[in-house]
Number of protein chains: 4
Amino acid sequence: MADSAEPSVPAASGGAASSVPDRLLSVATRLFAERGFERTSVQELVDAAGVTKGAMYHYFTSKDDLLFAIYERVLAMQMRRLTEFADAEGPLGERLRAAAADVVHTTVDNLDDTLIFFRSLHMLSPDRQNEVRKERRKYHERFRSMIEEGQREGLFRDDVPADIVVTQYFGAVHHLGMWYNADGELTGAALGAHYADLLLTSLRPK
Amino acid sequence: MADSAEPSVPAASGGAASSVPDRLLSVATRLFAERGFERTSVQELVDAAGVTKGAMYHYFTSKDDLLFAIYERVLAMQMRRLTEFADAEGPLGERLRAAAADVVHTTVDNLDDTLIFFRSLHMLSPDRQNEVRKERRKYHERFRSMIEEGQREGLFRDDVPADIVVTQYFGAVHHLGMWYNADGELTGAALGAHYADLLLTSLRPK
Amino acid sequence: MADSAEPSVPAASGGAASSVPDRLLSVATRLFAERGFERTSVQELVDAAGVTKGAMYHYFTSKDDLLFAIYERVLAMQMRRLTEFADAEGPLGERLRAAAADVVHTTVDNLDDTLIFFRSLHMLSPDRQNEVRKERRKYHERFRSMIEEGQREGLFRDDVPADIVVTQYFGAVHHLGMWYNADGELTGAALGAHYADLLLTSLRPK
Amino acid sequence: MADSAEPSVPAASGGAASSVPDRLLSVATRLFAERGFERTSVQELVDAAGVTKGAMYHYFTSKDDLLFAIYERVLAMQMRRLTEFADAEGPLGERLRAAAADVVHTTVDNLDDTLIFFRSLHMLSPDRQNEVRKERRKYHERFRSMIEEGQREGLFRDDVPADIVVTQYFGAVHHLGMWYNADGELTGAALGAHYADLLLTSLRPK
DNA sequence: AATGAATGAGCGTTCATTCAT
DNA sequence: TATGAATGAACGCTCATTCAT
């Protein structure tokens with residue numbers, strides 16, 4: 001989140017100034033990403049956040065509830081950003097490129113969230129898994145609609161289903177959490193530019 | 001794997017005829033994929049495999065060891081298949097296309113393995129995580145070398161690092177376990193053809 | 001409840017009009033009977049009564065204190081009723097019969113109290129258990145004195161200790177909470193008449 | 001049980017010689033009676049029995065399961081004894097008297113069981129509560145059938161429903177756990193004789 | 001080669017009570 | 001009078017692993 005223009009996502013700090021739920025959320029994000037949801041005990045969590053178990057269970061009904069709160073935060077942020085880019089002014093190709101690059105950039109700035117998102121989905125209750133999947137679908141559909149619009153206009157090739165293009169692209173994006181190293185030379189912006197370019201190129205009419 | 005030409009991957013059956021370690025391995029693959037490594041107890045495992053705990057600990061030193069055995073099996077299979085396609089006769093573009101399509105097809109035929117592979121890597125001991133990553137890197141390098149070869153020959157565009165292309169492609173492939181549904185209409189072969197085509201298209205010189 | 005003749009058994013309502021302590025008492029009686037003292041959390045209690053924890057702890061020093069208040073209410077009511085019948089005019093046999101029938105009737109009308117009384121006695125502090133037992137003893141003694149009077153007068157057989165007769169009778173009465181179903185056909189009055197008749201019959205001189 | 005002819009009910013000892021489940025059962029009976037089911041922690045239980053938690057959960061699936069095992073043992077014993085007396089030779093009146101006296105005697109010899117039985121029934125799962133109630137009903141019915149037989153034969157008065165007689169009698173018996181003190185002068189045999197005599201007397205035709 | 005009873009540390013969660021406001 | 005966030009100890013239970021047989 002360091003260089004992002006987005007102020008509303010709290011930096012994952014353990015700052016003593018923030019509220020108890022906020023502290024728990026940011027500490028949980030860090031620990032769940034570091035060692036996994038199941039390997040993180042509630043005791044470690046509250047110790048790291050500097051609160052007691054009782055305080056945690058005052059705000060979250062379960063460890064699962066805490067995990068779900070992370071999902072909600074991520075889903076809301078991603079949808080908001082996509083909508084901003086998709087609804088902006090300008091030619092379709094450029095809007096798609098900007099959105100595609102931004103999701104990479106944002107993902108890299110919130111790698112912990114991404115790692116948790118795909119690694120721990122199966123730890124949520126079935127109902128909550130469905131809720132997350134439903135939100136993801138809406139997100140994909142918004143992205144797909146841009147590609148379909150380009151296909152109708154003859155801007156993009158239409159011999160490959162838009163759905164497959166989207167799935168391939170987001171597969172790559174979601175997998176970033178597995179290998180991207182923030183300490184390396186490759187910035188999120190540069191990676192986003194490359195990924196978006198490969199996407200746009202792969203869509204060029206033959 | 002059913003319709004594949006590859007006979008060496010054991011069908012994930014619980015067949016009473018197979019050996020104890022084989023039964024454990026195939027049952028573990030199914031259960032770890034269904035409910036996750038941590039949510040699967042050793043007791044459930046041995047019950048499902050129809051053996052006792054003592055028998056399991058006779059063949060595997062730990063639950064972690066059983067997980068690692070799954071990784072070894074997957075890594076060996078994937079490397080073998082890639083090598084076959086990469087070392088085959090024929091033009092580079094066709095070899096790359098075939099290898100890229102095959103990894104999708106094979107992944108779809110072994111979805112349980114893929115799901116476990118990326119979801120449970122952090123459950124292995126650090127040493128074993130490193131061993132797995134090392135093997136993955138060799139695998140990626142073999143694939144990347146084909147792209148680099150094409151870039152040197154002018155067959156592929158060279159304004160995007162081969163490494164980024166590979167990472168993007170395999171990111172999409174590895175993510176299949178999160179959404180691909182074997183019950184749908186989309187076959188592994190069809191999906192592989194589309195993914196490979198998008199890859200080849202994205203590499204066309206501008 | 002305090003000084004009234006028959007309507008003194010409070011309807012177990014959660015009526016918004018009553019005072020906070022009254023509401024807590026009637027809700028506690030219902031919940032302790034329904035799920036047991038230990039299975040009822042203070043949070044559930046105050047939620048059901050529509051007050052906050054702070055309010056409850058303002059009126060009752062502890063959950064135990066709330067339980068004891070129920071005991072006090074029951075003990076006072078039962079003693080008052082017994083005294084009324086025992087001290088009334090009329091032949092001893094009729095007074096005993098009336099008192100014996102009334103305790104059944106009253107018990108059936110306040111089943112929740114009875115259930116709590118015997119099921120949760122061990123949850124009170126030792127001191128309070130002693131206080132309750134002391135009150136019960138006084139109650140039994142008043143009843144026993146009627147039987148002893150009848151034995152001295154030759155009205156009742158005296159080859160069985162009055163104490164044993166009393167214990168047997170009240171055992172049966174106290175156990176009503178375990179099986180009596182208010183929805184059935186058997187009214188409290190009818191049951192009281194039968195129980196009292198069996199008691200009087202068993203006391204007839206041989 | 002000390003002086004009883006019944007050998008199959010294990011003395012509630014903590015004897016080191018008995019098996020782990022037996023030790024747990026007898027210790028649980030003692031502790032549940034002493035301080036109540038909810039006030040007895042699993043840790044206290046296993047410490048008192050000299051085993052570990054793991055061992056307990058190897059034999060009993062839950063604390064509830066341990067409680068239910070106590071119920072099963074009591075139900076089986078009581079039914080067996082009643083059947084013996086009811087099916088014996090001799091006149092009905094004598095068989096009823098013997099059975100009525102024996103249940104008091106046996107109850108007094110197993111006071112812990114009785115106390116638990118009625119105090120902790122609501123701690124069992126609803127299914128198990130139903131199972132216990134069903135068994136109790138069968139027990140009561142066997143006893144009631146003796147009274148009905150006597151009523152048909154004119155041996156007993158028939159102006160009071162047999163069901164009410166049974167309920168009253170067993171109410172008194174079940175309540176023994178609340179007050180009977182084994183240290184007093186009153187023996188189980190003497191008490192049983194008195195209770196049975198009161199029962200028979202109350203059934204004399206008018 | 002295989003059993004399964006037993007271990008013991010750790011888990012997520014509950015809850016009566018306190019106290020600053 | 002009343003609030004409700006926070007405490008902290010205890011709870012029932014799980015589970016990978018060991019080991020005598």
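Every chain is numbered from 1, with letters handed out A, B, ... down the list of sequences.
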So what's the dot-bracket for DNA chain F: Watson-Crick or G-U pairs under 3.5 Å, [ ] if a pair crosses, | if it pairs off-strand?
.||||||||||||||||||||

How far apart are the C-alpha atoms of A/Glu38 and B/Arg39, what are their side-chain angles, what is the distance that settles it, and do they pass the salt bridge (Lys or Arg N to Asp or Glu O under 4.0 Å) test?
CA-CA 9 Å; A/Glu38 318 82 350; B/Arg39 294 255 164 121; over 6 Å; no

Please give me the minimum heavy-atom distance between [X] and [Y], naming the atom from each residue.
{"X": "C/Leu24", "Y": "C/Val51", "result": "CD2-CG2, 3.9 Å"}
{"X": "D/Val27", "Y": "D/Ala48", "result": "CG1-CB, 3.6 Å"}
{"X": "C/Thr52", "Y": "C/Val46", "result": "O-CG1, 3.9 Å"}
{"X": "A/Thr114", "Y": "A/Gly177", "result": "CG2-N, 4.4 Å"}
{"X": "A/Asp112", "Y": "A/Arg30", "result": "OD2-CA, 3.8 Å"}
{"X": "C/Glu44", "Y": "C/Leu31", "result": "O-CD1, 4.2 Å"}

For chain D and DNA chain E, what are the first and last nucleotides along the strand, 5' to 3', with at least one atom under 4.0 angstrom from a heavy atom of the protein chain?
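Boundary nucleotides touching chain D, in 5' to 3' order, are E/dG4 to E/dG10.
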
Need to verify one output field. Residue with the more 5' nearest nucleotide on DNA chain E, D/Gly50 or C/Glu44?
D/Gly50

Of A/Ser62 and D/Pro21, whose nearest nucleotide on DNA chain E comes first from the 5' end?
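The 5'-side residue here is D/Pro21.
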
5' priority, DNA chain F, between B/Glu38 and D/Ser41 [closest heavy atom]:
D/Ser41

Please compare D/Val42 and A/Met56 by the position of their nearest nucleotide in DNA chain F and report the one closer to 5'.
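The residue whose closest nucleotide sits nearer the 5' end is A/Met56.
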
Nearest-Å distance for atom pair [atom1]/[atom2], residues [X] and [N]:
{"X": "D/Leu67", "N": "F/dC13", "atom1": "CG", "atom2": "C1'", "value": "17 Å"}
{"X": "B/Arg39", "N": "F/dC15", "atom1": "CZ", "atom2": "C1'", "value": "15 Å"}
{"X": "C/Gln43", "N": "F/dT7", "atom1": "CD", "atom2": "P", "value": "17 Å"}
{"X": "A/Tyr57", "N": "F/dG8", "atom1": "OH", "atom2": "P", "value": "17 Å"}
{"X": "D/Leu45", "N": "F/dC13", "atom1": "CG", "atom2": "P", "value": "11 Å"}

Throw together a table of side-chain donor-acceptor distances under 3.5 angstrom for residues 57-67 of chain A, partners on residues two or more places apart or in other chains.
| from | atom 1 | to | atom 2 | distance (Å) |
| --- | --- | --- | --- | --- |
| A/Ser62 | OG | A/Asp64 | N | 3.4 |
| A/Ser62 | OG | A/Asp65 | N | 3.0 |
| A/Lys63 | NZ | A/Phe37 | O | 2.8 |
| A/Lys63 | NZ | A/Thr40 | O | 2.8 |
| A/Asp64 | OD1 | A/Arg128 | NH1 | 3.0 |
| A/Asp64 | OD2 | A/Ser125 | N | 3.3 |
| A/Asp65 | OD1 | A/Arg128 | NH1 | 3.3 |
| A/Asp65 | OD1 | A/Arg128 | NH2 | 2.7 |
| A/Asp65 | OD2 | A/Thr61 | N | 3.2 |

What I'd like to find out is whether the side chain of C/Glu135 reaches to under 4.5 Å of the side chain of C/Glu72, using heavy atoms alone.
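Side-chain contact under 4.5 Å: no.
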
Only pairs under 3.5 Å count here: list side-chain donor-acceptor contacts from residues 115-122 of chain B, not counting sequence neighbours, and write none if there are none.
| from | atom 1 | to | atom 2 | distance (Å) |
| --- | --- | --- | --- | --- |
| B/Arg119 | NE | A/His122 | ND1 | 3.1 |
| B/Arg119 | NH1 | B/Ala33 | O | 3.1 |
| B/His122 | ND1 | A/Arg119 | NE | 3.2 |
| B/His122 | ND1 | B/Arg119 | O | 3.2 |

Counting any heavy atom closer than 4.0 Å, what does D/Thr40 reach on the DNA or RNA strands: base, sugar-phosphate only, or nothing?
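Sugar-phosphate: the residue D/Thr40, judged by heavy atoms under 4.0 Å, touches backbone atoms but no base.
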
Sequence neighbours excluded, the answer for side-chain hydrogen bond (donor to acceptor under 3.5 Å, both in side chains) partners of C/Thr29 is C/Arg73

Give me, pair by pair, the N or O atoms of the protein and of nucleotides 1-3 of chain F that are less than 3.5 Å apart, along with how far apart they are.
| from | atom 1 | to | atom 2 | distance (Å) |
| --- | --- | --- | --- | --- |
| F/dA2 | OP2 | C/Tyr59 | OH | 2.7 |
| F/dT3 | OP2 | C/Thr52 | OG1 | 2.0 |
| F/dT3 | O5' | C/Thr52 | OG1 | 3.2 |

